[in-house]
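Following: one structure in structure tokens, then a few remarks.
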Amino acid sequence: MIDWDPMVRAHRAGEVGRLRTRRPASSADRAWRAVVAASAPFRLGTRFRAVPDVRLYAGDALIASPGDQLPGPDDRTLDDYVARVAGRAAGGFQLVVTDPGVVDYALWAEVRDLARGLLAQIGVPILPVVSELVLGTFARTPRGFTRRMHCAVVTAVLAGRLRTRIWRRLWQPSPNEIRDFDAHRPDQVATARAGDVMYLPADRWQIGRASCRERV
């Protein structure tokens, strides 16, 4: 069981929160199997409005038809896949699987149980709860800044390390055109490792840096 009290306090204060659990929210191996299963039809061709949805970014670019750049049966582990694909994307890569629980009930149940403990204390949101599996090695989030105006984000790190720089306000009106963010000190930096759960409130600008293979 997770003690959600630190997250509840962060949510009510509108602040970033992080807590350390005794074990990751799900097995990294289980999550990897779900990624491979979800990717299978996309390796054969581009699909639209599919559930689950799989998208691969190389640097800032969305790969329209990634084919065998997606995980497949020959990628026995997450580390095998990272080693195979990372060399093709000089700016790093990010693979996003939306609604992975469709292909793995046990994984869906783990996500449900994780969310249930927090929502029991803060209430059920009126907007849909969306789950994603995200993996990659990237120095910054593809396509620049991320901001979710009306949705908080709860991230459970299963492997590796995630470092997130957070700003309350930006210094230019067009975030997608900003390239000089390294020159602007963030208001906060949050680091999460395997076993950590991080809470980011809505309405914050953020850029993430991730390493799948780093075990810390």
Side-chain angles (χ1 to χ4, degrees), residues 24-112 114-115 127-148 151 153-162 164 176 192 194 197-198 200 206-214:
S26 179
S27 161
D29 290 337
R30 178 187 298 282
W32 173 244
R33 291 194 296 271
V35 168
V36 173
S39 299
F42 291 85
R43 287 170 59 91
L44 301 177
T46 303
R47 300 184 69 195
F48 299 98
R49 299 182 180 179
V51 178
D53 182 58
V54 178
R55 301 194 180 194
L56 177 67
Y57 297 87
D60 289 332
L62 172 65
I63 307 301
S65 298
D68 66 0
Q69 294 183 65
L70 294 176
D74 293 335
D75 300 306
R76 300 178 64 183
T77 67
L78 170 61
D79 287 344
D80 288 344
Y81 174 69
V82 170
R84 179 171 71 85
V85 175
R88 301 186 185 183
F93 78 96
Q94 184 181 65
L95 181 66
V96 182
V97 180
T98 304
D99 293 324
V102 171
V103 297
D104 189 325
Y105 171 79
L107 179 65
W108 177 86
E110 288 179 338
V111 174
R112 176 199 59 189
L114 177 71
L127 295 175
V129 176
V130 178
S131 63
E132 292 182 336
L133 277 173
V134 181
L135 65 91
T137 56
F138 49 90
R140 64 183 179 89
T141 310
R143 297 190 293 181
F145 288 92
T146 301
R147 184 190 193 194
R148 293 175 171 85
C151 300
V153 180
V154 177
T155 302
V157 180
L158 306 183
R161 179 172 179 164
L162 176 65
T164 305
N176 290 335
V197 181
M198 185 164 61
L200 293 176
Q206 57 180 289
I207 284 186
R209 175 174 185 159
S211 171
C212 280
R213 302 168 72 185
E214 183 178 43

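Treat the numbers as computed from the prediction; the structure is a model and nothing was measured.
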Taken to the nearest 0.5 Å, the spacing of Leu200 CG from Gln206 CD works out to 5.0 Å

Rounded to the nearest 0.5 angstrom, the CZ-OG1 distance for Phe93 and Thr137 is 5.0 Å

Run the side chain to side chain donor-acceptor pair (under 3.5 Å) test against Asp75 and tell me which residues pass, sequence neighbours left out. Arg84

Filter on side chain to side chain donor-acceptor pair (under 3.5 Å), then keep only pairs touching residues 26-41, sequence neighbours left out; what's left? Ser26-Glu110

Are there over 12 heavy-atom neighbours, none belonging to Arg43, within less than 6.0 Å of that residue's CZ? yes

Should Val102 and Trp108 count as side-chain neighbours, where that means a heavy-atom distance under 4.5 Å? no

Taking the side chain as every heavy atom from C-beta outward, state whether Thr98 and Val130 have any pair of such atoms under 4.5 Å apart. yes

Testing the basics here: between [X] and [Y], what is the closest heavy-atom pair and its distance to 0.1 Å?
{"X": "Ala50", "Y": "Phe42", "value": "CB-CZ, 3.8 Å"}
{"X": "Ala37", "Y": "Pro41", "value": "O-CD, 3.8 Å"}
{"X": "Ala194", "Y": "Leu158", "value": "CB-O, 3.8 Å"}

Walk me through whether Leu62 and Arg55 qualify under side-chain contact (heavy atoms from CB on, under 4.5 Å). CA-CA 7 Å; Leu62 172 65; Arg55 301 194 180 194; 3.9 Å; yes

Listed by chain and number, what are the side-chain contact (heavy atoms from CB on, under 4.5 Å) partners of [X], not counting sequence neighbours?
{"X": "Thr77", "answer": "Asp79, Asp80"}
{"X": "Ala109", "answer": "Tyr105, Arg112"}
{"X": "Ala34", "answer": "Val103, Asp104, Leu107, Leu133"}
{"X": "Val111", "answer": "Ser131"}

Show the numbers, then the answer: is there a side-chain contact (heavy atoms from CB on, under 4.5 Å) between Leu95 and Leu70? CA-CA 8 Å; Leu95 181 66; Leu70 294 176; 3.6 Å; yes

N/O donor-acceptor pair under 3.5 Å between Tyr81 side chain and Arg76 backbone: no

